[in-house]
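On a predicted model such as this, the values are computed, not experimentally measured, just so you know. Order of listing sets the numbers, starting from 1, for every ligand and every atom in it.
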Amino acid sequence: MIFEIEKLAEKFAGRTAFSCGNEKITYSGLFEKAEKIAKKLSGEKNPVIVFGGRNLSSFAAIIACIISKRAYVPVEQNLPEERRKKIISISKASLILDCGEPEIKFIKTENKCEPLFENETAYIIFTSGSTGNPKGVPVSYENLENFIGWITSLEPLSDFEKTGVLSHASFSFDLSTAAIFYSLFKGGKLVQLSGSGDFDEIFSAAEKEKPEVFVATPTFFRLCLLNRDFSAEKFPFVKCVYFCGETLQKSLVKAIFERFPDIRIINAYGPTEAASAVCAIEITREILEKEELLPVGILSSAAAEITAENGEIVLKGKSVSKGYLSGEAGGFYKENGKNCFRTGDMGFIENGKIYCKGRLDSQIKYKGYRIELSEIEAVISALPGTENCAVIAKRNPEGEVRLIKAFVSGNIPEEKIREELSKKLPEYMIPKSIKFLDSLPLNKNGKIDRKELLEL
Ligand code: AMP
């Protein structure tokens, strides 16, 4: 097993492992802290909720869970209570580590403690689910080890050893696992942003810690570029950016090369269901010029077996989770004992490169967040007074979602809908606009005419 995380404490002892705001800690300090937490986690096998911000306590708690072989379930502080409760119940977590303060609080849940998972699950990340409940994806140690082996040898990322790795991702999104485990296993310093979205925080952290690598969504990097000073002249240490999570637009790559002429850009692709990412490709100037649609990976160096079946990207093998906690199959299936996952991403493979060109369903990425529009519809439709409801995503000419809009027919006040949505869904899933219609337009098949709604 390559996964001997404890050995990192000795291997990189005096190096800085983590920095966030005023908090900073070395590898030996971090593992000492994590070991103390781990001692209190032994004896039970149920998952552990790591509740809190993107701070040192949460980071140490995550490592403690891995040391004590208990699955960690990251939960953001600002999630509505109802959703939090659902996550506790679905995950069967028996303990909450409240990491909101530097001193971690240990809170027992009502779930019965039992050896449920045979210790095979490293973490559980919850994503938007189409039925109205969040979907729990258990990622096993085998999945995670496979991912770590892949990302630490991924070129050109593997050239950057013991370096600063800036990450804005919340621990509850799978992009964070790329930053956490790449950084840890390469002896790096994770420069974690608190997620306040504060422009000053981003650039003062970068100036102070001088990270060579950024792990980011394209949305985040576009935001950074709004600062005219964000360029190679003022930030000469920035050498590489690892993108994952949403479509990387050519216009963004062009803009980055203009500001950072020598930067190395990686476009990585993968869903939470297959441990963060399964393939990647360096986007060079040549690729930018030649390709109409930027590829998302090279087949020969992928972490999973990847095929395009009937225009859909399918993943197989060690990266792929065994399936949702709820038991609902979704895109999961087995083939000769192997875990397989139909991603729902439309794509194709050409000359050994993988391309992704949109979704087969109503899943979208908005500001880097994964959202099932049907989950929002499920919440609104369940309200008394709602007759019909459809939620659509308005996109800009480049295909990026700019606005989530709900259309509702029935007799229900907007405030009631908003109240319910904010009880059940995270802020980013709540439609900016709710429009009332006498009835929703139907197409000739009798289904809601979403194309027409896009025009309204
Ligand atoms: P998540 O589970 O949040 O990582 O979201 C996974 C989904 O994000 C994938 O199924 C794709 O739809 C999308 N995605 C991830 N990486 C890329 C990429 N490089 N290009 C296009 N879409 C991507």
Residue pairs passing the ring pair (Phe, Tyr, Trp, His ring centres under 6.0 Å) test with at least one member in residues 257-286, sequence neighbours excluded, are Phe230-Phe260
Are any of the N/O atoms in Gln363 less than 3.5 Å from those in ligand 1? no
For atom 19 (N) of ligand 1, grab the closest protein heavy atom and report residue, atom and distance to one decimal in Å. Ala268 O, 2.8 Å
Can you tell me the protein heavy atom closest to atom 4 (O) of ligand 1 and the distance? Asp174 OD1, 3.1 Å
Is any side-chain heavy atom of Lys405 closer than 4.5 Å to a side-chain heavy atom of Ser433? yes
Below 4.0 Å, non-hydrogen atoms only: which portion of Thr247 touches ligand 1? Side chain, backbone, both or neither. both
Does a side-chain N-to-carboxylate-O contact under 4.0 Å join Arg359 and Asp361? yes
To the nearest 0.1 Å, how far is atom 18 (C) of ligand 1 from its closest protein heavy atom, and which atom is that? Glu246 O, 3.4 Å
Nearest non-hydrogen protein atom to atom 9 (C) of ligand 1, with distance, is Asp345 OD2, 3.2 Å
Can you check whether Ile125 reaches Val139 side chain to side chain, under 4.5 Å on heavy atoms? no
Among all the protein's non-hydrogen atoms, which is closest to atom 5 (O) of ligand 1, and how far away is it? Lys365 NZ, 2.9 Å
Ignoring angles and geometry beyond distance, decide whether Glu273 reaches within less than 3.5 Å of ligand 1 through its nitrogen or oxygen atoms. no
Under 4.0 Å, heavy-atom basis, I'd like to know which part of Leu175 is in contact with ligand 1: side chain, backbone, both or neither. neither
Write out all pairs satisfying side-chain hydrogen bond (donor to acceptor under 3.5 Å, both in side chains) with one or both partners inside residues 253-268, taking only residues at least two apart or from two chains. Arg264-Glu282
Would you say Tyr269 and ligand 1 have an N/O pair spaced under 3.5 Å apart? no
Where is the nearest protein heavy atom to atom 13 (C) of ligand 1: which residue, which atom, and how far? Gly245 O, 3.6 Å
